[in-house]
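Convention: sequence-line order gives letters A, B, ...; per-chain numbering from 1.
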Number of protein chains: 2
Amino acid sequence: MSSAPLRGATELPGRQPLYSQVRDRIVLAIEQGEWDAGEALPSEFELADRFGVSQGTVRKGLDSLAAEGVLIRRQGMGTFIAEVADDWGKAELPGATRPLDTSLELLACARSNAGEEAAEALRLRRGAILLAVKRLVRVAGEPFAVIENFVAAERFEGLDARRIKQANCNLRTVWWREFGLRVISAPPQFRAGMAGREEARLLGVEADRPLLEVARTAGGLDGEPVEWSVLRCRTDHYVYRV
Amino acid sequence: MSSAPLRGATELPGRQPLYSQVRDRIVLAIEQGEWDAGEALPSEFELADRFGVSQGTVRKGLDSLAAEGVLIRRQGMGTFIAEVADDWGKAELPGATRPLDTSLELLACARSNAGEEAAEALRLRRGAILLAVKRLVRVAGEPFAVIENFVAAERFEGLDARRIKQANCNLRTVWWREFGLRVISAPPQFRAGMAGREEARLLGVEADRPLLEVARTAGGLDGEPVEWSVLRCRTDHYVYRV
DNA sequence: TAGTGGTCTAGACCACTTG
DNA sequence: AAGTGGTCTAGACCACTAC
């Protein structure tokens, strides 16, 4: 939050461009809760004053965060902190281009131990204590997908079903409001699997029917992995679009 | 190829920003074969002269094409036409982040009639005459996926197996070299399906095993749909990453 | 040394939104 | 009318590449 100009850092060997330093300073301010979701940032000129750079340089930093989906810029209005969204793909009718509306339901929130994939993705040791959140996605009221999210229990002390439900089952909102953490997802991995007994029951399909599996990690704005998650969905009625 | 300044268009009602007009002019020049793949474009200042705008405006246009993967910019060297790549996702080991090397083999190139999905995607009538290209993707020598591409036969008169093999089975290279067409893919749709008898045989899996299906359309730099394609892959050994 | 793209500035004007 | 982001310019300097 200091107003020290950024130039001092420009002589260091591992020097970053000014606009990139501006981006990082803004990220820091966001993480420190300086502005709430939906709130407007100061104007480009105010930020330029604060960071001791020109308005064009601030613009480049803001544009990069807008491209990442962290900020929303509207001509004539200002630059706003984006509402965080659970940025999974969307259900669509095959061949269609319009995403369908979905609803989320919390199934469980419990401690578990890291399996091989989760441990590797989160850079933890195998068996580390995780929190596992299990949710059901519905399309037009019908079960479409089961999502499991895993995070390090240590970092998310106090997470429980009540807090998740308060945020309408949007975990990104929970990470942001309760833990001051904003995350961005890496490109997912895809696999075709079979419905186990549990998924078959939840999704209302027969066991041994093919299910689409989507797995991904998400990291903080600084790049550190925070969350590993898997979505399993039936694709007999709808398809999944990235 | 004319050198008329761009300003004249700025008074039109559907006016585009100058940098966007610069982008379109460069796209046009690329499509007219002014530069080959791998070749360098004129410098920013030369292009600025040619289009009658400032160097910064040219830069914005070039940057947007670089972001789309059409151009590659290298400090101190210049701006180059990117080699076209078949931009499917990659095969990876589960949990890994490094893509594996793949090879392509042409299975067939034949005429067919547009099914419902292909017709809709390509904005043609159902039953329109298409060219269907079928290829096999191998990872470490083992069959991994079957890709089918569909294009309007009318637009790709003269396409045959020989021309495809000459381009190492890279269809994007064929579109570019033989038909002067550069395409960009839209986000794909995913589905979990079952291996039919034909895919099972080609991929070396049992019939009724789950297969991952990835479908997408690709359009020209002007946005018109050109190609519809489907990839079907086994995900028992490797996974598919976007 | 010359030429390229990469960064940064200062200032101008435009388009849009709100009061 | 005032304030915001969006575009555009002209010019400066830097970092990298080639010769």
Side-chain angles (χ1 to χ4, degrees), chain A residues 4-26 30 35 38-82, chain B residues 4-26 30 35 38-82:
Chain A
L6 294 169
R7 299 306 178 73
T10 60
E11 273 88 41
L12 294 178
R15 161 172 180 258
Q16 293 272 99
L18 278 183
Y19 68 84
S20 169
Q21 298 177 44
V22 165
R23 176 203 177 279
D24 291 344
R25 297 267 306 250
I26 293 170
I30 291 174
W35 311 288
E39 202 175 328
L41 268 66
S43 76
E44 295 179 347
F45 283 99
E46 284 178 276
L47 289 171
D49 264 4
R50 165 165 163 179
F51 296 136
V53 299
S54 77
Q55 171 258 0
T57 300
V58 168
R59 168 177 292 268
K60 254 191 121 168
L62 292 174
D63 281 346
S64 72
L65 283 170
E68 290 176 38
V70 176
L71 300 178
I72 293 175
R73 318 197 67 191
R74 272 186 288 187
Q75 186 173 161
M77 297 182 66
T79 301
F80 302 84
I81 305 282
Chain B
L6 295 168
R7 299 306 179 72
T10 61
E11 273 87 37
L12 294 177
R15 164 175 179 258
Q16 293 269 100
L18 279 184
Y19 67 83
S20 169
Q21 299 178 43
V22 165
R23 176 202 176 278
D24 292 344
R25 295 269 305 253
I26 293 170
I30 293 175
W35 311 287
E39 203 174 328
L41 267 65
S43 77
E44 294 180 347
F45 283 100
E46 284 178 275
L47 289 171
D49 264 5
R50 164 167 167 178
F51 296 137
V53 299
S54 78
Q55 171 258 0
T57 300
V58 168
R59 168 178 291 267
K60 254 191 122 167
L62 293 175
D63 281 345
S64 72
L65 283 170
E68 291 176 39
V70 176
L71 300 178
I72 294 174
R73 318 198 66 193
R74 273 185 287 185
Q75 188 173 154
M77 297 184 67
T79 301
F80 302 84
I81 306 282

- Taking C/dT9, D/dA18, D/dC8 as options, the one with an atom nearest any side-chain atom of B/M77 is D/dA18
- Message: For a quick test of reading the model, state the closest non-hydrogen atom pair linking B/F80 to B/G38 and the distance between them.
- Response: CD2-O, 3.5 Å
- Task: Would you name the heavy atoms of B/A82 and B/G69 that are closest together and state the gap between them?
- Result: CB-O, 3.4 Å
- Message: Checking contacts here: which listed nucleotide (D/dT9, D/dG5, C/dT4) is nearest the side-chain heavy atoms of B/S43?
- Response: C/dT4
- Whole-Å distance between D/dA2 P and A/E46 CD? 17 Å
- Rounded to whole angstrom units, what separation is found between the CG atom of A/D63 and the C1' atom of D/dG5? 9 Å
- Message: Output the rounded distance in Å from CD1 (A/I72) to P (C/dC16).
- Response: 19 Å
- Spacing of B/D49 atom CG relative to D/dA10 atom P, expressed in whole Å: 11 Å
- Item | Listed nucleotide nearest any side-chain atom of B/Q75, set D/dA10, C/dT7, C/dG6 | C/dG6
- Query: Rounded to the Å, how far apart are A/Q55 CD and D/dT4 C1'?
  - Reply: 11 Å
- Message: So if I take every side-chain heavy atom of B/T57 and compare against D/dC8, D/dG5, C/dT4, which nucleotide ends up nearest?
- Response: D/dC8
- Note on the structure: One should read off an interatomic distance between B/I72 CD1 and B/T79 OG1, to the nearest 0.5 angstrom, of 10.5 Å
- Is A/Y19 near enough to C/dT7 that one of its side-chain N or O atoms lies under 4.0 angstrom from OP1 or OP2? yes
- Between B/F45 and B/V58, which has a closest nucleotide on DNA chain D that is more 5'? B/V58
- Query: What integer distance in Å separates B/R23:CZ from D/dT7:P?
  - Reply: 14 Å
- Query: Is a side-chain N or O of A/E44 found less than 3.5 angstrom from the main chain of A/V58, in a donor-acceptor match?
  - Reply: no
- Message: On the nucleotide C/dG6, are OP1 or OP2 found under 4.0 Å from the side-chain N or O atoms that B/R73 carries?
- Response: yes
- Query: So, is A/K60 near the phosphate of C/dC8, with a side-chain N or O under 4.0 Å from OP1 or OP2?
  - Reply: no
- Task: Could you check how far CD of B/E44 sits from P of D/dG11, rounded to whole Å?
- Result: 16 Å
- Message: Looking only at the side chain of A/P17 (C-beta and beyond, no hydrogens), which of the listed nucleotides C/dG5, C/dC8, D/dC8 gets closest?
- Response: C/dC8
- Considering all heavy atoms of both residues, which atom of B/W35 and which atom of B/I26 are nearest to each other, and what is their separation? CZ3-O, 4.1 Å
- Item | Side-chain N,O (A/T79) to OP1/OP2 (D/dG5) below 4.0 Å | yes
- Message: If you go through the side-chain atoms of B/R59, does one of them form a donor-acceptor pair with the base of C/dG6 closer than 3.5 Å?
- Response: yes
- Whole Å only: how far is the CD atom of A/Q21 from the P atom of C/dG6? 19 Å
